[in-house]
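A note on names: the letters A, B, ... follow the listed sequences, proteins ahead of strands, and every chain is numbered from 1. Treat the numbers as computed from the prediction; the structure is a model and nothing was measured.
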Number of protein chains: 2
Amino acid sequence: MIYSKATEYALNALVYLAEQAPDDRNGVHQIADALDIPGHFLGKILQDLRKEKIVESSRGRSGGFRLARAPAEIGLYDVVSVLEDLQRYEMCIFDEYECTVDRPCSMVCEWNAVKNHITGFLQNHSLADLQMVRQFRADLDIPK
Amino acid sequence: MIYSKATEYALNALVYLAEQAPDDRNGVHQIADALDIPGHFLGKILQDLRKEKIVESSRGRSGGFRLARAPAEIGLYDVVSVLEDLQRYEMCIFDEYECTVDRPCSMVCEWNAVKNHITGFLQNHSLADLQMVRQFRADLDIPK
DNA sequence: ATCTATTCAGACATAAAAGTCTTAAATAAT
DNA sequence: ATTATTTAAGACTTTTATGTCTGAATAGAT
C-alpha cells in the first residue's frame, strides 16, 4: 500500500462493513478479529471515520459500527482524505513546490499526470468498487 | 512529495551536483547550505548513494562528492529505490496483497494502472530531466 | 435497578523516520 | 610532520506513526 496502515485498515474495515447486512451493528473486536488487525487501533480509526460521517456507531450492549450510507455513495477519496494528507500528492516529485497547470513544471514534469491519475482514481471509485474486487478474489480463492 | 524527506533531499542534492562542473568535488556542507537542508542528514544520504555508485566521494582537504556518471545516465528509479521500498508500490490499494497481471484484481482494479504510471515515470526519467525542470523554474523566477 | 457488553476518549507505549552529534580516518596544503 | 578540512560511521535525540491500555459513558438484557 502506498498509504499508511491506518488507511489500509480503514479500507478493509469499510469493505467488511459493506459486506454485512446494512443495518447490522458490528463491534470493533468483531471486525478486528475477522481482519486480523489491532483492535484498539481500529477503534481510533473508526472514530475518525465517524467524525467524518462515513460510519455511524452506537454504544452499549448491542452497539457497534455500520456504514453511514450505501457503499456506492462512499468515495475512496473521502475515506483516504480522512487519514492521509492528500495535499502531499499535489506537490511536485522534485520537491515541496506546488505543481499546477499554470506553472511550467507541469508541462515538463509528467509527474503531474501521475498524481492526477492517483487523485482521479480515488475520486472515481467508491467502496462498492473495492467490495467487488474483494468478492472476485474470494470467489477465485486468491490466497493471503 | 509522496516519498520521504530522504528521497526529496537526495533528488535535490543530485540535481545540485548535476549543475556543477562534472569533475568538481562538492562538500556536504556546501550542498546542504545551498539547498537549506540538514547537513548531517544529507551526509548519511550521500553515503547511501555512494554505496549504490550514484555518487563518488573523496576525503580530505579538497574532498567532496560528485556524480558517478552523466545526469542522463542516472535514472530516477535507481535513485529513489536506494531510499524507498518501492515494493510497496507493487501492492494493491486494497491491502498488502500483490497485484499482478495474472491475478483478477489487476483487471478490476485500475489501481494497477496508477502504480504502473508511477513506476514507469521513474523508469523513464533521469536526473537530466529533473535538472531541466529546475532550470525552467529558475529562468522564470518561480518562487520558493 | 443492576449487570454487562460495547463505544468513546484520551493517556500511554513502542517503532520507525528524521535529524543531530561525536569521533575516527583520510588527504591536501603548509 | 603538522594542521585544517573533509568524508565515514555510528551513537544519540526528536518527531511522527503505529499500537495498547484504561476508565468513563451508554444502552440493551435480566
Side-chain angles (χ1 to χ4, degrees), chain A residues 1-13 17 20 23-68 80 82-85 87-88 95-96, chain B residues 1-13 17 20 23-68 80 82-85 87-88 95-96:
Chain A
M1 256 284 275
I2 75 170
Y3 299 117
S4 66
K5 288 285 179 191
T7 296
E8 179 183 324
Y9 295 160
L11 289 171
N12 280 275
L17 290 179
Q20 311 306 310
D23 291 330
D24 267 21
R25 304 289 186 166
N26 303 89
V28 174
H29 286 293
Q30 172 190 343
I31 305 170
D33 287 353
L35 301 175
D36 196 28
I37 60 184
H40 288 102
F41 192 30
L42 179 60
K44 287 171 68 165
I45 294 165
L46 286 171
Q47 285 165 39
D48 291 340
L49 293 173
R50 181 183 58 80
K51 285 168 193 155
E52 297 300 323
K53 305 265 196 295
I54 289 167
V55 298
E56 293 170 346
S57 71
S58 62
R59 292 182 170 186
R61 177 124 184 177
S62 60
F65 290 88
R66 67 181 177 198
L67 297 181
V80 174
V82 172
L83 300 157
E84 302 289 330
D85 173 18
Q87 183 70 18
R88 273 169 72 93
D95 52 18
E96 302 269 353
Chain B
M1 255 285 272
I2 76 170
Y3 299 117
S4 67
K5 289 284 180 190
T7 297
E8 179 183 323
Y9 295 159
L11 289 171
N12 280 276
L17 290 179
Q20 312 306 311
D23 292 329
D24 267 21
R25 304 287 185 169
N26 303 89
V28 174
H29 285 292
Q30 172 191 344
I31 304 170
D33 287 352
L35 302 175
D36 195 28
I37 61 186
H40 287 102
F41 191 30
L42 179 60
K44 287 170 70 165
I45 294 164
L46 286 171
Q47 283 167 40
D48 290 341
L49 293 173
R50 180 183 59 83
K51 285 168 193 155
E52 297 301 322
K53 306 265 198 297
I54 289 167
V55 298
E56 293 171 345
S57 70
S58 62
R59 292 181 171 186
R61 183 129 182 169
S62 60
F65 290 88
R66 67 181 178 198
L67 297 182
V80 174
V82 172
L83 300 157
E84 302 289 327
D85 173 18
Q87 183 71 17
R88 273 169 72 93
D95 51 20
E96 302 268 352

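- One atom, CD of E8(B), and another, C1' of dA17(C), lie 14 Å apart when rounded to the nearest Å.
- Rounding to whole angstrom units, CG of residue D85(B) and P of dA16(C) are separated by 13 Å.
- Nearest to the side chain of F65(A), among dT7(C), dG19(D), dT7(D), sits dT7(C).
- At least one side-chain heavy atom of L17(A) sits less than 4.5 Å from a side-chain heavy atom of V55(A).
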Exercise. Carefully, step by step, assess I31(A) and L46(A) under the rule side-chain contact (heavy atoms from CB on, under 4.5 Å).
Key: CA-CA 11 Å; I31(A) 305 170; L46(A) 286 171; 4.2 Å; yes
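- You'll find a donor-acceptor pair under 3.5 Å spanning the side chain of K44(B) and the base of dG19(C), going by distance alone.
- Atom pair D36(B):CG and dA18(C):P shows a separation of 18 Å (rounding to whole Å applied).
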Exercise. Check the pair D24(B), R66(B) against side-chain contact (heavy atoms from CB on, under 4.5 Å), reporting the backbone distance first and the verdict last.
Key: CA-CA 7 Å; D24(B) 267 21; R66(B) 67 181 178 198; over 6 Å; no
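- Summarising the geometry, the separation between CZ on R66(A) and C1' on dT7(C) is reported as 14 Å, rounded to the nearest angstrom.
- For Q47(A), whose side chain is taken as the heavy atoms from C-beta onward, the closest listed nucleotide among dT20(D), dA9(C), dA9(D) is dA9(C).
- Taking atom CG on L46(B) and atom C1' on dT6(D), their separation rounds to 13 Å, with Å as the unit.
- Residue S62(B) places none of its side-chain N or O atoms closer than 4.0 Å to OP1 or OP2 of dT6(D).
- Out of dG19(C), dT20(D), dT7(C), the shortest distance to the side chain of P38(B) is found at dG19(C).
- Residue contacts for G39(A): at a heavy-atom cut-off of 4.0 Å it reaches no nucleic acid atom on any strand shown.
- The separation between L42(A) atom CG and dT20(D) atom P is 12 Å, rounded to whole Å.
- For the OP1/OP2 pair of dA9(C) and a distance below 4.0 Å, the side-chain nitrogens and oxygens of R59(A) include no atom meeting the criterion.
- Nucleotide dA8(D) holds its P atom 11 Å from the CG atom of D48(B), rounded to whole Å.
- Within the 4.0 angstrom heavy-atom criterion, only backbone atoms of the sugar-phosphate kind lie near G64(A); the bases stay farther away.
- Closest to the side chain of R50(A), out of dT7(C), dA18(C), dA9(C), is dA9(C).
- The residue among S58(B) and A6(B) whose nearest nucleotide of DNA chain C is located toward the 5' end is A6(B).
- Applying the 4.0 Å criterion to OP1 and OP2 of dT6(D), one finds that R25(B) has every side-chain N and O outside that range.
- Within the structure, every side-chain polar atom (N or O) of Y9(A) is placed at least 4.0 Å from both OP1 and OP2 of dT18(D).
- With rounding to whole Å, F41(A) atom CZ is found 13 Å from dA16(C) atom P.
- In this structure, H40(B) and R61(A) both approach DNA chain C, and ranking their closest nucleotides by distance from the 5' end singles out R61(A).
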Practice problem: Please step through side-chain contact (heavy atoms from CB on, under 4.5 Å) for the pair V82(A) and I54(A), ending with a clear verdict. | Solution: CA-CA 10 Å; V82(A) 172; I54(A) 289 167; 3.8 Å; yes
Self-check item: Full working for side-chain contact (heavy atoms from CB on, under 4.5 Å) between L83(B) and Y3(B)
Solution: CA-CA 9 Å; L83(B) 300 157; Y3(B) 299 117; over 6 Å; no
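- Between the CD1 atom in I45(B) and the NE2 atom in H40(B) there is a gap of 13.0 Å [rounded to 0.5 Å].
- Distances were taken from every side-chain heavy atom of K5(B) (C-beta onward) to each of dT20(D), dA18(C), dT7(D); the shortest belongs to dA18(C).
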